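Scroll down for the structure; my scribbles are underneath it.
Naming: A, B, ... by sequence-line order, numbering from 1 per chain. Treat the numbers as computed from the prediction; the structure is a model and nothing was measured.
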There are 2 protein chains.
Amino acid sequence: MSFIVSPQTLQFDAPLPLQSGASIRGYSLTYETYGQLNAARDNAVLVCHALNASHHVAGTHEGQPRSEGWWDNMIGPGKPVDTNRFFVIGVNNLGSCFGSTGPMHTNPDTGRVYGADFPVVTVEDWVNAQARLLDALGIQQLAAVMGGSLGGMQALSWALQYPDRMRHAVVVASAPNLSAENIAFNEVARRAIVTDPDFHGGNFYDHGVVPKRGLRIARMVGHITYLSDDVMNEKFGRQLRDAVAENVNGYRFSTQDVEFQIESYLRHQGDKFSDYFDANTYLLITRALDYFDPARAFGGDLTQALARATAKFLLVSFTTDWRFSPARSREIVKALLENDRDVSYAEIDAPHGHDAFLLEDSRYLNLVRSYFDSMLRAPDKGQTPKTHETQATGVHS
Amino acid sequence: MSFIVSPQTLQFDAPLPLQSGASIRGYSLTYETYGQLNAARDNAVLVCHALNASHHVAGTHEGQPRSEGWWDNMIGPGKPVDTNRFFVIGVNNLGSCFGSTGPMHTNPDTGRVYGADFPVVTVEDWVNAQARLLDALGIQQLAAVMGGSLGGMQALSWALQYPDRMRHAVVVASAPNLSAENIAFNEVARRAIVTDPDFHGGNFYDHGVVPKRGLRIARMVGHITYLSDDVMNEKFGRQLRDAVAENVNGYRFSTQDVEFQIESYLRHQGDKFSDYFDANTYLLITRALDYFDPARAFGGDLTQALARATAKFLLVSFTTDWRFSPARSREIVKALLENDRDVSYAEIDAPHGHDAFLLEDSRYLNLVRSYFDSMLRAPDKGQTPKTHETQATGVHS
């Protein structure tokens with residue numbers, strides 16, 4: 001059913017100046033594209049990834065039938081973002097660990113592996129790197145930039161950094177910045193990694209080890225914040241993994257063995273993650289999340305910050321998402337409306353928490369489908385309808 | 001202003017059978033008492049502690065003016081639980097690390113430090129141990145058992161295990177069991193401790209080390225769940241610790257240094273905790289939390305489970321407590337009312353999250369004061385008023 005895709009890599013020699021004041025040169029970006037760029041070169045959609053995802057957004061890799069991309073239910077032939085009509089680009093961000101230059105690669109200035117010396121990158125830096133990739137692909141203006149969570153922050157930042165290079169921003173399950181609690185959870189994860197003796201100050205590659213203990217804890221704590229309390233209770237509740245019939249309540253009475261199903265699930269998630277994710281990347285990406293805050297330069301005034309945006313917006317949030325709650329999306333909606341921008345907003349009544357943005361939900365998928373369909377029906381390149389708002393609790397599509 | 005108190009210790013030679021099937025013998029309990037037991041020996045109030053607290057509930061220790069007990073705003077002369085009228089007992093639970101027998105003590109059966117071999121104890125076991133202490137103190141029936149959080153679970157369990165030995169149960173910011181999410185957070189904390197190389201399978205005492213890395217992470221993650229999102233945003237928000245004037249947004253651009261105030265606060269909490277708390281105790285007490293579930297033996301039917309309780313109840317919850325939300329207290333209220341029990345319930349509109357049960361809040365403190373005052377006005381030993389409910393959002397006292 002799925003289509004076969006192949007990653008590609010582009011090398012960039014010119015130094016990319018970063019927000020920190022540092023720069024990075026001789027880096028490469030790994031990306032995938034789906035569908036065909038049309039003659040007008042105006043049907044491209046850039047999809048930005050969140051913390052642990054990659055350029056592999058949709059389709060499967062040759063000979064790996066179970067290797068569907070992370071947004072395969074959203075993007076592909078006949079899907080809500082229809083690759084029969086749109087040319088979709090997924091790109092692995094700088095500092096990540098799925099192909100693009102990251103901490104495990106060699107710093108051309110020193111000839112050594114970056115490790116902890118990989119420069120700190122921000123959402124704004126990623127957007128600049130993505131814009132250079134589009135230059136190389138000969139795409140001047142995107143039909144849309146879209147993403148969920150941290151990916152949504154990139155879509156929002158695109159609208160501020162390159163207002164002329166895009167017509168639509170699709171920002172799903174995102175926020176205008178992290179709350180103190182969001183930062184706090186990131187910090188727990190980072191401390192778990194950094195204080196793992198196998199981290200070696202970030203230079204663990206030299207020691208032939210991986211700070212797996214820290215990565216496991218980081219993933220476990222992250223995973224809790226991706227799920228709603230309700231869905232956890234429904235999926236796992238207080239179920240035991242192996243009840244001991246002869247004991248009170250079936251308990252094993254152990255502090256270290258797995259007792260409850262939820263423990264087994266979280267340990268499994270942690271183990272899997274520690275096998276493939278890079279510890280330095282985890283630090284970099286959580287920091288990019290912490291730092292994103294377009295209103296900061298405007299004394300916290302998000303309305304002023306978003307005045308630069310000219311794209312039309314679709315924002316989507318999910319009722320049970322307590323990581324980036326609907327209230328956070330509404331802050332963005334409000335600031336855009338105060339700037340008289342064209343905004344559609346839907347609050348989807350879904351039980352799955354933050355993870356809902358990756359899951360099957362016909363109301364959500366149909367909403368995105370309608371939005372992309374309408375782009376083609378009225379190819380509005382800046383001139384069209386008056387500002388309007390579709391603010392709904394639940395979606396009436 | 002505070003009064004001077006001294007801990008005492010009682011040794012128990014007879015084995016205490018535990019829910020796990022094991023037993024513990026030759027153990028001691030450390031406790032404090034405030035006020036005077038009256039001639040009728042019927043004015044005693046047992047105060048049960050939560051995860052990281054102890055027998056030191058109120059007052060200060062000689063020569064340590066800043067050593068106020070953890071519930072000093074609630075208990076003492078002229079306080080809501082007035083020690084001029086009530087005889088209050090605080091007891092450190094078995095397995096804890098503040099005086100009573102715990103994992104750092106010697107197992108009389110082996111002559112070795114218990115370490116990881118300390119038997120798994122449950123809320124029910126603690127209640128049984130507390131009942132033995134009351135036997136030794138010559139107290140047949142308590143005026144009340146009270147506690148917050150895990151302490152509230154003990155008060156509830158008392159009402160089920162020893163219905164004839166108490167007249168009132170005061171259950172604050174508690175729950176009839178842990179949700180999957182609650183267990184998940186406990187499991188993250190336990191994994192952080194157990195996978196710390198300095199844990200040595202729980203026998204770190206022999207190695208002269210302490211698994212401080214794990215304890216720090218455990219405390220950080222716990223601390224996040226004690227606070228509300230709102231109070232974190234108000235106290236810390238996105239404030240930087242030391243803004244760097246010449247950098248974009250004042251950021252230091254570091255993945256490992258403290259950048260935000262919330263990080264500094266959490267690291268400090270973690271450091272403090274790792275200096276005084278025992279790692280094995282943390283495992284034991286979080287497991288006691290996980291295991292508490294009086295409805296489990298009744299197929300999940302809390303109403304049936306609470307049928308044994310005959311005490312009058314005061315339940316209190318706090319609107320912003322997302323660890324043990326008001327909905328969890330309401331489950332207990334509902335089950336008690338279905339058993340036609342005498343229940344008062346107040347939902348306090350407080351911004352502080354779970355921690356609210358330890359903080360100054362005049363509505364909350366006055367409510368508890370009124371409840372204890374009413375005990376003395378109408379010395380109701382089982383015969384008095386009809387079942388009633390005071391269910392309030394906010395307290396109108």
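Of the two parts of B:Asn280, neither the backbone nor the side chain holds a non-hydrogen atom closer than 4.5 Å to a non-hydrogen atom of chain A. Heavy atoms closer than 4.5 Å to chain A are found nowhere in B:Ala22, neither backbone nor side chain.
Taking each heavy atom of B:Ala297 and A:Asn249 in turn, the nearest pair found is N-OD1, 3.8 Å.
Counting heavy atoms from C-beta on, the side chains of A:Arg296 and B:Arg238 come closer than 4.5 Å. Side-chain atoms of B:Gln256 and A:Arg190, non-hydrogen and from C-beta on, never get closer than 4.5 Å to each other. Using a 4.5 Å cut-off on side-chain heavy atoms (C-beta onward), A:Met220 and B:Arg191 make contact. B:Ser179 places a side-chain heavy atom less than 4.5 Å from the side chain of A:Asp229.
Taking 4.5 Å as the heavy-atom cut-off, the residues of residues 264-275 of chain A that approach chain B are A:Leu266, A:Arg267, ordered by number.
Using a 30° and 60° split on the angle between ring planes, A:Phe185 and B:Phe185 fall in the parallel class, below 30°.
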| said: For a salt bridge (Lys or Arg N to Asp or Glu O under 4.0 Å) check, start with the C-alpha distance between A:Arg287 and B:Glu263, then their side-chain angles and the critical distance, and finish with the verdict. | reply: CA-CA 12 Å; A:Arg287 235 354 168 200; B:Glu263 297 173 327; 2.6 Å; yes
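Applying the side-chain hydrogen bond (donor to acceptor under 3.5 Å, both in side chains) test to A:Arg328 and every residue at least two apart in sequence or in another chain returns A:Asn177, A:Glu331.
When atom types are taken as modelled, the side chain of B:Tyr291 and the backbone of A:Tyr251 share no donor-acceptor pair closer than 3.5 angstrom.
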